[in-house]
Amino acid sequence: MILPSKSHLVATLALGLLGACQSANTSVSTPTSTTAETVAEAELPALPIVNPVLAGDFPDPSITKVGDTYWATATSSNWGPAFPLLKSTNLTDWELVGHVFPNELPDWADYYFWAPEISEENGKIYVYYTAHKKGGNLAVGVAVADNPAGPYRDLGPLVAQKDGSIDGFPMRDEKDELYLIWKEDGNSVGQPTPIWAQRLNEEHTALIGEKKELFRNTVPWEGNLVEGVSMVKRNDYYYAFYAGNGCCGHNCTYGIGIARSKSLLGPWEKYEKNPILTKNEKWACPGHGTVFNRGNRWYMLHHAYDTRSFEFVGRQGVVSEFTWNAEGWPEFRSGGTVPDKGTPPAVARSFTDEFDQATLQPSWQWPVQERPTVAVQGGQLRLTARPEHSGAVLGQHTTTADYTATTTLLNPAKLPAGTLAGIAAHGDPENTLALTVGGGKLQLWQLEKGKQKTLGEARLPNATTALTLRMQAQNGNLFRFGWSTDGGKTWQSLPGQSAPINGTYLPPWDRGVRAGVLVKGPATATVSFENFSLQSQVITAQSGGNAPDGKQ
């Protein structure tokens, strides 16, 4: 967003995000009504919506426009690097160019990197974000850069209440004074969830004055929380789009509501027809995003679960269009649900890394508190082992419920003693499903809640110089593994593994499964991989959702 002011990813991420500009009689956060783009694009036809516009695990998405380039970011949670940065000039082809915190995390924070809100003001780029404060609770912080690609300089936490503070959003009031809007995380301790506003100094480094409650969860559909506020000002009103109820997991109940006020500090009135956006057969639990407009068309970029893949892929970025009714309230098209069709149809993500670049591709991720030691050289990925949890982990986010991942492990018979290396489905460091090589054998094992269990073994063929490992996922939670000594021409399965393995236990409550590699063992061991491939399938038929237990 732009606030009104006083003065080489191998697989292209096809994000059909829509443009953001505004008509002359509205005041929204991106961009201002005086920009040339407003005039130039006011009469352009609507861009086609193809959901998901941000395929994969990209919760709480945010978008802004700087010059002629659009920028997007999203929650990274406990996967590093923290907060992806994607750019596009045509709103169709997006490139992952880096992260807000690509290397070192902010000194004050350790995990749960949630809900970034990207904005521009006076030539500076600000990212307001949530993170867990060391020795404390959740807090809202802010980082600043001269360029949206970074580098970003962290300005520290702005608010850290006892019960937690999350979902920061900047907004100026009718006097042009800057405010931070946020949620007090009362639901974490069985309490209501007030939405607060408080003055923010012009340096964006500290709150000033007293905080003021705008509204809280008070009606049945909101359940135990309201959160994720995105504000715009249109004509005489401030509008707060917000999420309510349960955000995450297979039994989520999220929806989107709206409240409005003629003054930023209230009084706020909730719409009697809330929630204004709910689930359908294709998309479940819509919520938490950014409102924007293109000419006289209005949209919200937010997240939702694909009912085929649900929590196994995670909350994906989708766009829903809305209009304004005669009473000045927003009404979403598609019957108040997420659009489930688009032209052209969604394309599955295919990713291949031959490790022939100078550095690791920016789409690789790792547990945010357990960054691995990595080197890329000579067409090889060299990954140094870690002894704890699942070992040293690298993963790619998945975009569909059905996919195949493969990797080639070099010199498997010469791995250092006590070292395991192979392919895996990563939930988090305590929950993994893997096919690895070590000690002269292939081993299929699962780590569930930190407890490791062997599911099958086979002797490693003699004189094997390279071993290709394969992992196939179906419906997001069913996995098959195989191995090949001839580069994938023929495949073998471990003895007794005719049925798929149930990986329902893998994903944490707030993020999807990653497909990737791991090396577990002494920190002196380094293992070489020659390539990694992730091939996804889009299956359009819906079966009422992917219930993990087979029930619909």
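Residues Pro372 and Leu383 approach most closely at CB-CD1, 3.8 Å, considering heavy atoms. Across all non-hydrogen atoms, the minimal contact from Gly56 to Val313 is CA-CG1, 3.9 Å. Contact detail for Ala109 and Leu105: the closest heavy-atom pair is O-CB, 4.5 Å. In terms of heavy atoms, Pro286 sits closest to Val338 at CB-CG2, 3.9 Å. Scanning both residues, Leu265 and Trp268, for their nearest heavy atoms gives C-NE1, 4.0 Å. Among all heavy-atom pairs drawn from Leu180 and Leu200, the shortest one is N-CB, 4.3 Å.
No donor-acceptor contact under 3.5 angstrom links the side chains of Thr193 and Asn187, judged on distance only. A donor-acceptor contact under 3.5 angstrom links the side chains of Ser363 and Gln396, judged on distance only. Side-chain contact, Trp509 with Glu311: no donor N or O sits under 3.5 Å from an acceptor N or O. Looking at Arg382 and Ser528, their side chains do bring a donor and an acceptor atom within 3.5 Å of each other. Under the 3.5 Å distance criterion, with hydrogens and angles disregarded, a donor-acceptor pair is assigned to the side chains of His389 and Glu370. Checked by atom type, the side-chain pair Glu95/Ser88 shows no donor-acceptor distance below 3.5 Å. When only modelled atom types and interatomic distance are considered, Ser390 and Thr432 share a side-chain donor-acceptor pair under 3.5 Å.
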Output, in order, the C-alpha distance, side-chain angles, deciding distance and verdict of side chain to side chain contact (heavy atoms under 4.5 Å, CB included) for Lys87 and Val97. CA-CA 7 Å; Lys87 71 174 183 178; Val97 297; 3.8 Å; yes
Check the pair Leu534, Ser350 against side chain to side chain contact (heavy atoms under 4.5 Å, CB included), reporting the backbone distance first and the verdict last. CA-CA 6 Å; Leu534 178 62; Ser350 293; over 6 Å; no
Salt bridge (charged side-chain N to carboxylate O under 4.0 Å, His left out) between Lys175 and Glu177, worked out: CA-CA 5 Å; Lys175 299 177 183 178; Glu177 293 178 335; 5.5 Å; no
Check step by step if side chain to side chain contact (heavy atoms under 4.5 Å, CB included) holds for Val513 and His426. CA-CA 6 Å; Val513 173; His426 303 297; 5.7 Å; no
Report the C-alpha distance between Val229 and Lys183 in whole Å, list the side-chain angles of each, state the deciding distance to 0.1 Å, and finish with yes or no for side chain to side chain contact (heavy atoms under 4.5 Å, CB included). CA-CA 8 Å; Val229 169; Lys183 168 208 173 186; over 6 Å; no
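The SG atoms of Cys252 and Cys285 are placed within less than 2.5 angstrom of each other.
Between Glu117 and Thr64, the closest side-chain pair of non-hydrogen atoms is not below 4.5 Å. Trp79 is listed as a side-chain neighbour of Val393, based on a closest heavy-atom distance under 4.5 Å. Using a 4.5 Å cut-off on side-chain heavy atoms (C-beta onward), Leu138 and Trp114 make contact. Side-chain contact between Gln161 and Asn137: absent, with no pair of heavy atoms (C-beta onward) separated by less than 4.5 Å. Side-chain contact between Pro106 and Phe113 is present, with heavy atoms from C-beta onward closer than 4.5 Å. Two residues are said to be in side-chain contact when any heavy atoms from C-beta on lie closer than 4.5 Å; Asp306 and Phe312 fail this criterion. Side chains of Trp298 and Val291 form a contact here, defined as non-hydrogen atoms less than 4.5 Å apart. His288 is listed as a side-chain neighbour of Asp167, based on a closest heavy-atom distance under 4.5 Å.
Phe83 and Tyr129 have their aromatic ring centers within a separation under 6.0 angstrom. The aromatic ring centres of Tyr254 and His303 sit less than 6.0 Å apart. In this structure, Phe58 has its ring center under 6.0 Å from that of His397.
The distance from atom NE2 of His302 to atom CG of Leu54, rounded to the nearest 0.5 Å, is 12.0 Å. To the nearest 0.5 angstrom, Glu354 atom CD is 11.0 Å from Gln361 atom CD. In this structure, CZ on Phe241 lies 7.0 Å from CE on Met300, to the nearest 0.5 angstrom. To the nearest 0.5 Å, atom CZ of residue Arg371 and atom CD of residue Glu104 are 7.0 Å apart. Here the straight-line distance linking atom OG1 of Thr75 with atom CZ of Arg315 works out to 6.5 Å at 0.5 Å rounding. In this structure, the separation between CD on Glu222 and CG on Asn245 is 9.0 Å, given to the nearest 0.5 Å.
Checked against Asp57 for a side chain to side chain donor-acceptor pair (under 3.5 Å), the options Gln365, Arg514, Gln316 give a single hit: Arg514. With Ile118 as the partner, the side chain to side chain contact (heavy atoms under 4.5 Å, CB included) test is satisfied by one option alone out of Ile63, Ile125, Thr290, Val100: Ile125.
Side chain of His132 to backbone of Ala139: no donor-acceptor contact under 3.5 angstrom is found. Here the side chain of Asn51 pairs a donor or acceptor atom with the backbone of Val319 at under 3.5 angstrom. Here the side chain of Lys65 pairs a donor or acceptor atom with the backbone of Gly67 at under 3.5 angstrom. Using a distance-only test at 3.5 Å, with no hydrogens or angles considered, no donor-acceptor pair links the side chain of Tyr152 to the main chain of Pro102. At distances below 3.5 Å, at least one donor-acceptor pair connects side-chain atoms of Lys134 with backbone N or O atoms of Asp107. Formation of a donor-acceptor pair under 3.5 Å by the Asn293 side chain with backbone atoms of Asn296 is not found in this model. With hydrogens and angles disregarded, a donor-acceptor distance shorter than 3.5 Å links the side chain of Asn217 to the backbone of Gly223. When atom types are taken as modelled, the side chain of Thr73 and the backbone of Leu86 share no donor-acceptor pair closer than 3.5 angstrom.
The aromatic rings of Tyr126 and His204 lie parallel to each other, with less than 30° between the two planes, well short of the 60° mark. By the 30° and 60° cut-offs, the orientation of the rings of Phe215 relative to Tyr242 is tilted. Below 30°, between 30° and 60°, or above 60°: for Trp364 and Phe351 the angle between ring planes is above 60°, a perpendicular geometry.
At a threshold of 4.0 Å, the pair Glu121-Arg172 counts as salt-bridged, since one of the basic side-chain nitrogens sits closer than that to a carboxylate oxygen.
A cation-pi arrangement, defined by a distance under 6.0 Å to the six-membered ring centre and an angle within 45 degrees of its axis, is present between Arg260 and Tyr237. Seen from the ring of Trp196, Lys211 counts as a face-on cation partner, given the 6.0 Å and 45° thresholds.
Annotation for Asn201: atom CG counts as buried by contact number, over 12 foreign heavy atoms lying within 6.0 Å.
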